[in-house]
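The structure appears below as C-alpha cells.
Here is how names work: the chains are called A, B, and so on, in the same order as the sequence lines, proteins then strands, and each is numbered from 1.
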Amino acid sequence: MPELPEVEVVRSGLAPALVDATVSAVTVHDARALTRHPGSVEDFEHALRGARVVAVCRRGKFLWMPFTPTDGSDTARAVVAHLGMSGQMLLRASGAPVERHERIRLDIDHPDHGALAVVFADQRTFGSLALDPLLPTTDAAPGGFGADDATVPAQVAHIARDPLDPALDETRLRTLWARKRSAIKRVLLDQTVISGVGNIYADEALWGARIHPETPADALSARHATRLLAEVRSVLDKALAEGGTSFDAQYVNVNGQAGYFAHSLNAYGRGGEPCPRCDGELRREAFMNRSSHYCPRCQRRR
DNA sequence: CCCATCCCCTGTATGC
DNA sequence: TGCATACAGGGGATGG
C-alpha cells in the first residue's frame, strides 16, 4: 500500500528510536513475514539479537537498517523491510500487547529512550523483513535517504533511485523513458526505472502534468518529460508534508496515526466526479489489474 | 532483453 | 442474513 511518502514517514519516525539502539529480543510470530529472508528463522533471530542499529535508510519503497555484526563476521548486513500493500512498522512501549496482524517484534534498548518494542504488522502478508548483505552502490553515492555510506542491501540493488534522491541520474531516466514503448503509467510504476511511485501518485502526477496514462513513454516530448518529473516530485513532496495518504486504518505512521493527503487527491479514487481543473468527468478504468483515474478532457490521448 | 500476465494473502464493500 | 465476487496503495516469477 504505501508509496514513497508513506514509507518516508515511517523511516523518519523510526530513526530517532532505532539509531544506536540495541536489539534485546526477536520474536517471529509468523514465518511468512520472512519469505524474503535468505536464511532460516533461527538465523534471523540469532543474527539480530544483540545487534546495534546504525541508521534507518530508504530508497523508493524499501527501508533498511544497517547493524553492527554480533558474530564477528566481517560482512555488513542490514534488516531490509518492505511494507508491501498493508505492512506497518509501529513503535510501542516495551511489553505492549500483541498487535492485530503482528508478524515480528523486535525489543530494543535505546541509550536515551530506554526499552521499546518495534512491531512489524501486516494484514495481507505481502510485506516482509529480511537480513541482507550490504553491497557497494554502482555510482558511489549514498545508498539512499538516511544512508551515510555508499551501500545498499542486495535486494535493493536493482531498484532505481527515487525522485527525491539527489543522486538520481536524470539523464538515465530520460533515456529510459525515451526508449520505452509501454504506456507511461506502466513505466512510472516500474521500480527499476524510477522508484517510489505507486498507483496513487502515478495517477496524481499524470493528472498534474496533463498527460494521458496510456501515452507511450517514447511519445513524450522532452518538455512533457520535464513537466512529468516535476509533477512527480511535487506530488510526493506535498504528500510527505501531509503525512502521506490514508484511506483506511492500513497506512499509519509509527504511532498508528493516519496522514492527511487523501483530502488533496485530484484524480485518484474520484472516478465519476468533476475534474477539479476543467470540470470534465473524471474516469476510472481497469489498468494492469488495478485502476487508472484521469480526466479524458484535460489529459488528452495524443 | 522487453513486455504483459499471473500470483502471493486477507479484509472490506457491494450486489444478488 | 448469507453467499459470491470484486477490489485494495506491492514486487517478483514466468511466460511469450
Could you pull out all residues at least two apart from A:Glu45 that satisfy salt bridge (Lys or Arg N to Asp or Glu O under 4.0 Å)?
none
What residues form a salt bridge (Lys or Arg N to Asp or Glu O under 4.0 Å) with A:Lys185, not counting sequence neighbours?
A:Asp203
Going through the checks in order, is the side chain to side chain contact (heavy atoms under 4.5 Å, CB included) test met by A:Phe62 and A:Leu83?
CA-CA 8 Å; A:Phe62 278 86; A:Leu83 302 179; over 6 Å; no
Enumerate all atom pairs, one protein N or O and one N or O from nucleotides 7-11 of chain B, separated by less than 3.5 Å.
{"unit_1": "B:dC9", "atom_1": "O3'", "unit_2": "A:Arg32", "atom_2": "NH1", "d": "3.1"}
{"unit_1": "B:dC9", "atom_1": "O2", "unit_2": "A:Arg124", "atom_2": "NE", "d": "3.3"}
{"unit_1": "B:dT10", "atom_1": "OP1", "unit_2": "A:Arg32", "atom_2": "NH1", "d": "2.9"}
{"unit_1": "B:dT10", "atom_1": "O2", "unit_2": "A:Gln123", "atom_2": "OE1", "d": "3.4"}
{"unit_1": "B:dG11", "atom_1": "O4'", "unit_2": "A:Gln123", "atom_2": "OE1", "d": "3.3"}

Distance check needed: [N] [atom2] versus [X] [atom1], whole Å only.
| X | N | atom1 | atom2 | result |
| --- | --- | --- | --- | --- |
| A:Gln88 | C:dA8 | CD | P | 20 Å |
| A:His293 | C:dG9 | NE2 | C1' | 11 Å |
| A:Leu63 | C:dG10 | CG | P | 15 Å |
| A:Asn199 | C:dG9 | CG | C1' | 7 Å |
| A:Gln155 | C:dG10 | CD | C1' | 14 Å |
| A:Met288 | B:dT5 | CE | C1' | 10 Å |
| A:Tyr201 | C:dG9 | OH | P | 12 Å |
| A:Arg179 | B:dC1 | CZ | C1' | 11 Å |

[atom1]-based separation of [M] from [N] [nearest Å]:
| N | M | atom1 | answer |
| --- | --- | --- | --- |
| B:dT5 | C:dC7 | P | 16 Å |
| C:dT5 | B:dC7 | P | 16 Å |
| C:dG12 | B:dG11 | C1' | 23 Å |
| B:dT12 | C:dG11 | C1' | 23 Å |
| C:dA6 | B:dC6 | P | 14 Å |

Between the side chains of A:Arg161 and A:Asp139, is the shortest nitrogen-to-carboxylate-oxygen separation below 4.0 Å, so that they form an ion pair?
yes
Between A:Arg92 and A:Glu99, is the closest basic N to carboxylate O distance under 4.0 Å?
yes
For residues 205-226 of chain A, pull every pair meeting ring-ring contact (aromatic ring centres under 6.0 Å, His included), keeping only residues two or more places apart or in separate chains.
A:His212-A:Tyr294
Not counting sequence neighbours, list each pair that qualifies as a ring-ring contact (aromatic ring centres under 6.0 Å, His included) and has a residue in residues 145-183 of chain A.
none
Using a 4.0 Å cut-off on heavy atoms, which residues in residues 263-275 of chain A reach DNA chain B? List them by number, or say none.
none
Has A:Gln88 got a side-chain atom pairing as donor or acceptor with A:Phe120's backbone, closer than 3.5 angstrom?
no
Is the backbone of A:Gln191 close enough, under 3.5 Å, to the side chain of A:Ser195 for a donor and an acceptor to pair up by distance?
no
Which residue, A:Ile159 or A:Arg284, contacts DNA chain C at a nucleotide closer to its 5' end, judged by nearest heavy atom?
A:Arg284
Please identify each residue that fulfils side-chain hydrogen bond (donor to acceptor under 3.5 Å, both in side chains) with A:Asp148, with sequence neighbours left out.
none
With sequence neighbours left out, what residues match A:Arg284 under side-chain hydrogen bond (donor to acceptor under 3.5 Å, both in side chains)?
A:Ser291
Compare the minimum distances between each of B:dT5, C:dG12, B:dC3 and the side chain of A:Arg186, then state the nucleotide with the smallest one.
B:dT5
Of all the choices, C:dG9, C:dG11, B:dC3, which nucleotide is nearest to the side chain of A:Ser182 once you look at every atom?
B:dC3
Give every residue pair that meets the salt bridge (charged side-chain N to carboxylate O under 4.0 Å, His left out) criterion with at least one member in residues 16-43 of chain A, sequence neighbours excluded.
A:Asp20-A:Arg52, A:Asp30-A:Arg32, A:Asp30-A:Arg103, A:Asp43-A:Arg77
From CA spacing to verdict: side chain to side chain contact (heavy atoms under 4.5 Å, CB included), A:Asn266, A:Arg277
CA-CA 9 Å; A:Asn266 288 303; A:Arg277 182 168 50 213; over 6 Å; no
OP1, OP2 of [N] versus side-chain N and O of [X]: anything below 4.0 Å?
| X | N | value |
| --- | --- | --- |
| A:His158 | C:dG12 | yes |
| A:Arg290 | C:dG10 | yes |
| A:Lys180 | B:dC3 | yes |

Can you say whether a donor on the side chain of A:Arg36 sits under 3.5 Å from an acceptor on the base of C:dG12, or the other way round?
no
Would you please enumerate the stems DNA chain B participates in, each stem being three or more consecutive Watson-Crick or G-U wobble pairs with both distances under 3.5 Å?
B:2-8 with C:10-16, B:10-16 with C:2-8
What's the spacing between A:Asn199 CG and A:Ser292 OG if we round to 0.5 Å?
6.5 Å
Among pairs that include at least one residue of residues 112-134 of chain A, which meet side-chain hydrogen bond (donor to acceptor under 3.5 Å, both in side chains), considering only residues two or more places apart or in two chains?
A:Ser86-A:Asp122
Using a cut-off of under 3.5 Å, enumerate the N/O to N/O pairs linking the protein to nucleotides 13-16 of chain C.
none

Select base, sugar-phosphate, or nothing to describe what A:Thr35 touches, counting heavy atoms under 4.0 Å on all strands.
nothing
